[in-house]
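In what follows, a single structure is set out as structure tokens and then discussed.
These values consider heavy atoms only, across backbone and side chains, with no hydrogens, waters or symmetry-generated copies. Below, read A as the first sequence line, B as the second, and so on, with proteins coming before strands; counting in each chain starts at 1.
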2 protein chains.
Amino acid sequence: MEIIRKNFKDSLSTVYSAIEEADFLAIDGEFSGISDGPSVSALTNGLDTPEERYAKLKKHSMDFLLFQFGLCTFRYDQSESKYLTKSFNFYIFPKPFSRNSPDIKFICQSSSIDFLASQGFDFNKVFRNGIPYLNQEEEAQLREQYEERRNQANGAGTPSFISPSSKGPVNVPDEHKDFINRVIAKVDSLLSNTEKTVDLEPCTGFQRKLIYQTLNWKYPKGLHVETMETEKKERFIQISRVDEEERRRREHEKQEREQEELNDAVGFSRVIHAISKSGKLVVGHNMLLDVMHTIHQFYCPLPEDLNDFKEVTMCVFPRLLDTKLMASTHPFKELITNTSLAELEKQLKENPFKPPRVDFSDGFQSYNTATEQLHEAGYDAYITGLCFISMANYLGSFLTPPRSHISAKSKLIEPFHNKLFLMRIIDIPYLNISGPDLQPKRDHVLYVTFPKEWKTSDLYQLFSAFGNIQVSWIDDTSAFVSLSQTEQVQIAMNTSRYAESYKIQTYAEYIRNKLEARHL
Amino acid sequence: MEIIRKNFKDSLSTVYSAIEEADFLAIDGEFSGISDGPSVSALTNGLDTPEERYAKLKKHSMDFLLFQFGLCTFRYDQSESKYLTKSFNFYIFPKPFSRNSPDIKFICQSSSIDFLASQGFDFNKVFRNGIPYLNQEEEAQLREQYEERRNQANGAGTPSFISPSSKGPVNVPDEHKDFINRVIAKVDSLLSNTEKTVDLEPCTGFQRKLIYQTLNWKYPKGLHVETMETEKKERFIQISRVDEEERRRREHEKQEREQEELNDAVGFSRVIHAISKSGKLVVGHNMLLDVMHTIHQFYCPLPEDLNDFKEVTMCVFPRLLDTKLMASTHPFKELITNTSLAELEKQLKENPFKPPRVDFSDGFQSYNTATEQLHEAGYDAYITGLCFISMANYLGSFLTPPRSHISAKSKLIEPFHNKLFLMRIIDIPYLNISGPDLQPKRDHVLYVTFPKEWKTSDLYQLFSAFGNIQVSWIDDTSAFVSLSQTEQVQIAMNTSRYAESYKIQTYAEYIRNKLEARHL
Ligand SMILES: Nc1nc2c(ncn2[C@@H]2O[C@H](COP(=O)(O)OP(=O)(O)O)[C@@H](O)[C@H]2O)c(=O)[nH]1
Ligand SMILES: Nc1nc2c(ncn2[C@@H]2O[C@H](COP(=O)(O)OP(=O)(O)O)[C@@H](O)[C@H]2O)c(=O)[nH]1
């Protein structure tokens, strides 16, 4: 189901109940880019620590826009022994909802845009019809703005806020005195004739504020004051003579309208709140960036510290599962040669795995996995869910007696919970969201700096005495070199002592220097 | 005429001849945003110096993408006493043309995107079908890459580059020796049997380089070596046995193909080069940002210094005319109340102006100015040209005898040449591209700093003794205050001497401090 600005509000209840009834959810995001910094490979050094990797992704990936969000819900139908799915494809765009709302800037990376374009991605749907959103702080700010305005407005607001004493005469700057006096004269004439309303001339925001404050103080009862817009979008104030009952009714209506406006502005974030509140298992493929973007865009700017990020993540997504990590882990790793989503899905239909029994719920579009629609977020989420089911069920084959269906709540899949795949780190397969990360020994690793003319072959040359080595480039003038034996490290250090063109440190020294540099 | 990636090459000659035959050109650009920094109003302080304004625009506007370029050519048909126009609407996108090409990142501003969306702008045309481009440096780099590759390739390239002495044996790293030896064996067997070509396995770029170098050295004649791509986009090398004539023919073909590729990569920049070379009058409306973006995107990164920018601009666009500046200048300023493009166009059809006599050239779409298509760059360029014609012709009414047609080359319009409208600067109406800028006296201006709680009304209060003042906000804690009389400056300075909450400097002091700060 495609969800854009126009049908968002009407579709929300469908989305909510799909989440409510689901056994697990699968998600996927499409972004306007991946890395605004160095090359992707420099961004993903094979010997990054989890802290380093998180810091790099935060710095170089969060200014892109998550502009398509796929959600696929999976409910297991016991009687039919099959899953029923509902797949949603949301288009997202931070349309400014009013003159004062934040004017978001985001980066596009031409290679990513070009890639999506080649897949038939519809950018007009994003930019013309994308659903807006607010993060929690923006939502709170907007709520406050509404409350403040309400308190200024004629007689409205919680009485305790507007104590009679604070309602002293308004401090009207000299240059606006004439203007305000003319408004008062108009109100006096309104109160003494038969007209019910008077429209003032369009004026500035500051003048409107003065009008609200003045009338609120001079005529605490009997008036309803409201800002309206002309066809040309000029704002003006309309003043109506009302009795107390009508005044209350109008205030109430206005409050409801404002609540509605607030909900509209919060927009797509409401879907993420619902996913979060459900506490359901959320499955993704290679999902670290999806999780980071989702939190960054719909909850709060990402924290500096990796541990704080883990904490926030556990609040937003209490149970995560990354199918790429699962496929790269025993007992799957031995069976699966290619863990990219499309290939994985294909392999998981073949022996020893079984294609999952899945049907589309009534009224939901069905995807045909034979004619792929890869890189549409809703489809990718769907495929991801299929992969999860196949792998979970495969685990059931080890039980005695074997079970062909393993539920999303099964203890069997707990070892895969909250472990997000880390791309291209040699010795740390995943980021552990609900605990401390692995700390592999790296005492066979050297940190080498050299002139920028050097090539990989120069490094091979330099270490040619040590047999097999592995080079992980950091930047133009530095790289990690992993030796095959730890004992070689000391030899390398000794030989390098008098070298002039290059410098070698042990990995431990490198980490120590880095920490010191940070504390300076 | 709409020009996208697909029809670009075929349309180029039409574009070139339209430029060639034109009397003047009108241009307009659409961008993915305007300002990535402070609010637009902080970006355009009323008392900016031209240097400050240029620096702000350069810093806060150049990371957006110029993604639609409108060009409308106007040719005067003497016999019919009317202009014939050709209007072109180019969609532009920096599609990476190869794996090594720059991966451009650009910013989008949601308010600008949303505005264009509301005007029906077609983003898919930009992102799926936009014409690529290179600036001059990127073009030179790419040319060099091709030449380098050619010199490495078998026997090709300018002989003087590949002196026989430089053709010594190739330094093949140990780990690639086996691989290269196997290639040599294959070539030897190719040379001794009846096959004409052999395809090698796909391999890395470094290996391909080694192959080229090795074969070039070992078999300077008799082989043609070329990199091909499999359907899966893997690159492999194809080696063909050829006689000298065929080798030359193939090299020649390859060189032509490369020149074609180079032209394709330079893409839209070729249109700008043609406009530039034509030396024709280029008309725009409020065109400073258009000019800056055009130079930045298709020529070179903008220089730091305003004078250098003026110099570059005069090279790229030797004659510019800004219709917004023209309309804001005597004798038009007295007649025209609103200089926004749409309003200007309307007013210039009415007395005392005359609607210009303009027709669309055969085969070119006609715009109907009654049913506006504003904010499509091609249309805006067209309208801008109409405005220029009306205003130029109006100048002719002052001649004795009056003339109804004034040509783009007339001396009458020279006073408007190379003066680009400066938005919202109180006392400097334009940036003078071909000379020094105006230096208005600002000795009635104060630079005031204060706590960030202050509002405009606090400033009015502070200077209430001096009658009319004008406030130009700089940021939260500073503003320029223009007094109505210069003599008041000294009084204000004296009274402020012991103030604690705020500080006043004369404008001259402010400028001096700023210059000093810059030289520290
Ligand atoms: N000096 C030097 N730097 C290199 C070389 N290869 C890679 N690098 C640097 O290391 C970074 C990562 O390189 P790599 O992992 O090979 O991936 P790449 O981004 O495809 O080049 C690059 O962006 C370069 O800054 C080399 O041969 N010489
Ligand atoms: N402290 C303070 N700063 C202001 C006030 N009004 C404007 N500013 C600052 O000056 C900048 C330019 O303001 P202005 O020209 O009024 O345009 P705006 O961008 O629409 O607010 C704003 O971004 C603020 O940083 C004010 O009343 N008090």
Side-chain angles (χ1 to χ4, degrees), chain A residues 5 32-37 39-40 60 63-65 67 93-97 99 101-130 132 171-176 204 206 210 455-461 464 468-469, chain B residues 5 32-37 39-40 60 63-65 67 93-97 99 101-130 132 171-176 204 206 210 455-461 464 468-469:
Chain A
R5 199 181 302 153
S32 65
I34 299 294
S35 160
D36 69 355
S39 66
V40 171
H60 292 296
D63 289 335
F64 298 101
L65 188 68
F67 55 22
F93 182 72
K95 179 184 164 71
F97 55 90
R99 299 163 314 136
S101 60
D103 189 2
I104 305 284
K105 284 106 192 174
F106 58 92
I107 303 182
C108 293
Q109 183 173 10
S110 52
S111 58
S112 301
I113 296 291
D114 184 51
F115 173 74
L116 289 172
S118 73
Q119 305 285 320
F121 188 88
D122 191 340
F123 297 97
N124 285 336
K125 278 207 183 124
V126 169
F127 296 140
R128 294 179 182 173
N129 304 315
N171 193 356
V172 177
D174 283 353
E175 66 276 21
H176 294 296
T204 69
F206 183 65
L210 291 176
K455 309 264 171 241
T456 305
S457 54
D458 296 299
L459 289 169
Y460 278 112
Q461 188 98 46
S464 53
N468 222 1
I469 64 164
Chain B
R5 199 182 303 155
S32 65
I34 299 295
S35 160
D36 69 355
S39 66
V40 170
H60 293 296
D63 289 335
F64 298 102
L65 187 69
F67 55 22
F93 181 72
K95 179 183 165 71
F97 54 91
R99 298 163 315 134
S101 60
D103 189 2
I104 303 284
K105 284 105 193 176
F106 58 90
I107 303 182
C108 293
Q109 182 173 12
S110 53
S111 58
S112 301
I113 296 291
D114 184 50
F115 173 73
L116 289 172
S118 73
Q119 306 285 320
F121 188 89
D122 191 340
F123 297 96
N124 285 337
K125 278 207 183 122
V126 170
F127 296 140
R128 294 181 183 172
N129 304 316
N171 192 357
V172 177
D174 282 353
E175 66 277 20
H176 292 296
T204 69
F206 182 65
L210 290 177
K455 309 260 171 245
T456 306
S457 53
D458 296 300
L459 289 168
Y460 278 112
Q461 187 97 44
S464 54
N468 221 1
I469 64 164

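- Proximity to chain A (any heavy atom under 4.5 Å) is shown, for B:Pro94, by both the backbone and the side chain.
- When each of A:Gly120, A:Pro102, A:Ser112 is scored by its heavy-atom pairs under 4.5 Å with chain B, the top score falls to A:Gly120.
- By the 4.5 Å heavy-atom criterion applied to side chains, A:Phe127 and B:Asp114 are not counted as neighbours.
- Across A:Ser118, A:Ser464, A:Ser457, A:Pro96, the residue that shares the most heavy-atom pairs under 4.5 angstrom with chain B is A:Pro96.
- In this structure, the ring of A:Phe121 has its center less than 6.0 angstrom from the ring center of A:Phe67.
- Side chain of A:Arg5 to main chain of A:Arg128: a donor-acceptor pair is present (N/O by atom type, distance under 3.5 Å, no hydrogens or angles).
- In terms of heavy-atom pairs under 4.5 angstrom with chain B, the leader among A:Ser32, A:Gly33, A:Ala117, A:Ser111 is A:Ser111.
- Among A:Ile104, A:Asn124, A:Asp63, A:Ile107, the residue making the largest number of heavy-atom pairs under 4.5 Å with chain B is A:Asn124.
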Subject >> Worked verdict on B:Asp174 versus A:Tyr460 for side-chain contact (heavy atoms from CB on, under 4.5 Å) >> reply: CA-CA 9 Å; B:Asp174 282 353; A:Tyr460 278 112; over 6 Å; no
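- Proximity to chain A (any heavy atom under 4.5 Å) is restricted, for B:Glu175, to the side chain, taken from C-beta onward.
- With hydrogens and angles left out, the side-chain atoms of A:Asp103 and B:Gln109 include a donor and acceptor closer than 3.5 Å.
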